[in-house]
Amino acid sequence: WLIKIDSVGTLLWDKSYGGSSSDYAMRIFETIGGSYFIVGGSYSADGDISNDPYPNSSDYWIIKIDSIGGIIWERIIGGPATDGLRTGTITFDGGIIAFGTINAGGGDISNYFGYVDMWMIKLNSDGGTAWDFTIGTSWIDVGGAIIQTDDRGYLIGGSSRIEAGGNLTCEPYNYMSEAILMKLDSNRNIEWQQCYGGSGNEGVTGLLETGDGYVLIAYATAGDGDLTGSGWHGGNDIWVVRTDFTGNIIWQKCFGGSSHEFASRIFQTEDGGFVVVGEVKSLDGDVVGNHSINDRYDIWMFKISGEGELVWQQCFGGLSDEMLDFGVVKKSDNKYVLSGTANLVSFDVTCAPNTPYYDYWVFQVSDTTVNIEETQPGQKVLKVYPNPARDYVVFERNGTQITQQKQDYIQIMNVFGELVETLEMRGNKTVWNMEGIIPGVYFYKYGGSDYFGKVVKR
């Protein structure tokens, strides 16, 4: 089911695609000219599916639609066994790559190394096959993320239990699943590959190219090996790794709590930081404000600096499960539209689900207050310390640059511009007790003046 909404969330149109069995969509990509690619999977062999060369099996299903949802073309792709599509990426020439896993050879699959392999296939804009490429070993290799890089090559991420055979030859930390990164040139020659991990299971779920390398997001279930010093909290953390252009680690950090976190989207911001969006079960660690109970999920959004320091975090949801996979659109550094599922009205879920099961949930958030500008350093009239802080912040007059006023107070605002607290200035200083304050960025304003500043709560 595909819906199109306007900038304020009003439904413009909706379309359903599929047949009489199970069909699903994972990603949608806008192309030049206002058409869209939908990549997903299908068990069906009827309905909107014009030809299924491999009936009675799960296959990749790629659809191209026009601006009002009409099908331009669609194709079933794969082989005679089970094929599971995970994601895809549009290419610079207007085509599409579908990426996931295969369980056998044959059909559209040129190479098969054994058991479960990663498999990518490139279609031209008219739906014709350009090429396919398999990544794997004789054991379990699962595709998780793919992007086309600025040099017209490809960066591929996944998870693998490295065994002999195939084209994955990086050295694993141990026998458990490793996070895999492989770089191909424009002709699909392997330039390099890297394994990352510890004594648990790790796997890549999202990729981003930056001006000086790459950033990958992964799941991590241990704190040793390459994760040493990451701050792993236990359970399943979101693992963010920044590398150079040959996959060497610059820094790596874990985010989450003692339960289960997962993310598949990461965006770079103009200040060099990164926004990560995923799902969260934990009620501790980096996670503050999780609405769910009984080991359920909230949607989790957090920002880190270019060096991997947590800047702010926010949970969205109700008492039950709110889920999100790839459904995030970045409109600007300060506005994101999230699309997930929800099945209980409470807290952030203000729309009423139509059934006791899951409904789509679409909402827009802002990650920072862009209208608040800090006073320039030469104008500073307050000393603010420690900053960043954990337990408290002291606001102290900077010498005689400011005189006591009748309205001698400090206002604290969150990243959404909402007033958090008002502090009265007594004498030359006052203290903001941050106990119970959610970690993140806060702005302060001195009295009735135009003096602004920023405080970071860790």
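Fair warning: this is a prediction, and the values are worked out from it, not measured in the lab. The first residue in the sequence is number 1, and the count goes up from there.
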Can you list the steps and then say if Y112 with N103 is a side-chain hydrogen bond (donor to acceptor under 3.5 Å, both in side chains)? CA-CA 8 Å; Y112 174 64; N103 286 269; over 6 Å; no

T31 vs F37, test: side-chain contact (heavy atoms from CB on, under 4.5 Å). Steps then yes/no. CA-CA 7 Å; T31 70; F37 287 116; 3.2 Å; yes

I65 and S35: side-chain contact (heavy atoms from CB on, under 4.5 Å), yes or no, with the steps? CA-CA 6 Å; I65 61 173; S35 57; over 6 Å; no

For side-chain contact (heavy atoms from CB on, under 4.5 Å), just list the numbers for D117 and T101, CA-CA rounded to whole Å, side-chain angles, deciding distance to a tenth of an Å, and then say yes or no. CA-CA 6 Å; D117 284 343; T101 59; over 6 Å; no

Show, in sequence, the C-alpha distance, side-chain angles and deciding distance for N124 and K122, and conclude whether the side-chain contact (heavy atoms from CB on, under 4.5 Å) test is met. CA-CA 7 Å; N124 300 321; K122 163 75 161 52; 3.4 Å; yes

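A donor-acceptor contact shorter than 3.5 Å is absent between the side chain of Y297 and the backbone of L324. At distances below 3.5 Å, at least one donor-acceptor pair connects side-chain atoms of N167 with backbone N or O atoms of G136. Here the side chain of S259 pairs no donor or acceptor atom with the backbone of K281 at under 3.5 angstrom. One N or O on the side chain of D284 and one on the backbone of S258 form a donor-acceptor pair closer than 3.5 Å. Side chain of S159 to main chain of S177: no donor-acceptor pair is present (N/O by atom type, distance under 3.5 Å, no hydrogens or angles). Looking at T137, its side chain never comes within 3.5 Å of a backbone N or O of I162 through a donor-acceptor pair. A side-chain donor-acceptor contact under 3.5 Å links K64 to the backbone of S125. D185 contributes a side-chain N or O that, together with a main-chain N or O of R188, makes up a donor-acceptor pair within less than 3.5 Å. In this structure, E209 contributes its side chain and D150 its backbone to a donor-acceptor pair below 3.5 Å. Of the possible polar contacts, one joining the Q148 side chain to the F92 backbone as a donor-acceptor pair under 3.5 Å is found.
The ring pair (Phe, Tyr, Trp, His ring centres under 6.0 Å) test applied to W131 returns Y154, not counting sequence neighbours. When the side chain to side chain contact (heavy atoms under 4.5 Å, CB included) test is applied to F326, the partners found at least two apart in sequence or on another chain are M26, R27, R86, T87, S264, R265. For Y60, the ring pair (Phe, Tyr, Trp, His ring centres under 6.0 Å) partners at least two apart in sequence or on another chain are W119. With sequence neighbours left out, the ring pair (Phe, Tyr, Trp, His ring centres under 6.0 Å) criterion links F363 to F316, W361. Residues passing the side-chain hydrogen bond (donor to acceptor under 3.5 Å, both in side chains) test with K330, sequence neighbours excluded: D333.
A salt bridge links K303 with D271: the closest approach of a Lys/Arg side-chain nitrogen to an acidic carboxylate oxygen falls below 4.0 angstrom. One finds no salt bridge joining K253 and D286 here, because no Lys/Arg side-chain nitrogen approaches an Asp/Glu carboxylate oxygen to under 4.0 Å. Between R242 and E307, none of the side-chain N atoms (NZ, or NE/NH1/NH2) sits under 4.0 Å from a carboxylate O, so this pair counts as no salt bridge. Using a cutoff of 4.0 Å between basic side-chain nitrogens and carboxylate oxygens, K183 and D151 are scored as salt-bridged.
Here the side chains of T243 and I250 are not in contact, with every heavy-atom distance at 4.5 Å or above. Here the side chains of L85 and V39 are in contact, with some heavy-atom distance below 4.5 Å. The shortest distance between side-chain heavy atoms of I62 and I38 does not fall below 4.5 Å. Between V362 and I5 the shortest side-chain heavy-atom distance falls below 4.5 Å. Looking at heavy atoms from C-beta onward, Q313 lies out of side-chain contact with F255 at the 4.5 angstrom threshold.
When only modelled atom types and interatomic distance are considered, N111 and T134 share no side-chain donor-acceptor pair under 3.5 Å. A donor atom on one side chain and an acceptor atom on the other are found under 3.5 Å apart for Q252 and W239. No hydrogens or angles considered: nothing links the side chains of T228 and D224 as a donor-acceptor pair under 3.5 Å. Defined by atom type and a distance below 3.5 Å, a donor-acceptor pair is present between the side-chain atoms of S44 and D23. One side chain, D14 or W1, offers a donor N or O that lies under 3.5 Å from an acceptor on the other. Side-chain atoms of S282 and E261 form a donor-acceptor pair, as typed in the model, at a separation below 3.5 Å. Side-chain contact, S20 with D46: a donor N or O sits under 3.5 Å from an acceptor N or O. Side chain to side chain, D132 and S110 meet the donor-acceptor criterion of an N or O pair below 3.5 Å. If you check the side chains of R75 and T129, you find a donor sitting under 3.5 Å from an acceptor. Under 3.5 Å, the side chains of E74 and S50 contain a donor-acceptor pair of N or O atoms.
Open room surrounds CD1 on I68; 12 or fewer heavy atoms of other groups in view lie less than 6.0 Å from it. More than 12 heavy atoms of other residues, nucleotides or ligands lie within 6.0 Å of CG in D6, so this atom counts as buried by the packing criterion. Other residues, nucleotides and ligands place no more than 12 heavy atoms under 6.0 Å from the OH atom of Y115. The environment of L12 atom CG is dense: over 12 non-hydrogen atoms of other residues, nucleotides or ligands sit within 6.0 angstrom. For CZ of F262, the number of neighbouring non-hydrogen atoms (other residues, nucleotides, ligands) closer than 6.0 Å is greater than 12.
Taking CD from E279 and CG from N236, the interatomic distance works out to 11.0 Å, rounded to the nearest 0.5 Å. One distance of note links CG of N187 with CZ of R152; it measures 13.5 Å at 0.5 Å rounding. Atom OG in S42 sits 9.5 Å away from atom CG in D48 (nearest 0.5 Å). Separation of atoms CD1 (I146) and CE (M182) is listed at 11.0 Å; rounding is to 0.5 Å. Between Y36 atom OH and I63 atom CD1 the span is 14.5 Å, to the nearest 0.5 Å. From Q194, atom CD reaches atom CG of L216 across 10.5 Å, with rounding to the nearest 0.5 Å.
The nearest pair of heavy atoms linking E202 to T221 is OE2-N, 3.1 Å. The heavy-atom pair separating V204 from A179 by the smallest distance is CG2-CB, 3.8 Å. Taking each heavy atom of Y442 and I438 in turn, the nearest pair found is OH-O, 2.6 Å.
For an aromatic pair to be called close, the ring centres must be under 6.0 Å apart, and F267 with Y336 satisfies this.
Sequence neighbours left out, the pairs with a member in residues 162-220 that pass ring pair (Phe, Tyr, Trp, His ring centres under 6.0 Å) are Y214-F245.
Each of D141, I140, V116 was compared with S160 under the side chain to side chain contact (heavy atoms under 4.5 Å, CB included) criterion, and only D141 meets it.
Below 30°, between 30° and 60°, or above 60°: for F302 and W300 the angle between ring planes is between 30° and 60°, a tilted geometry.
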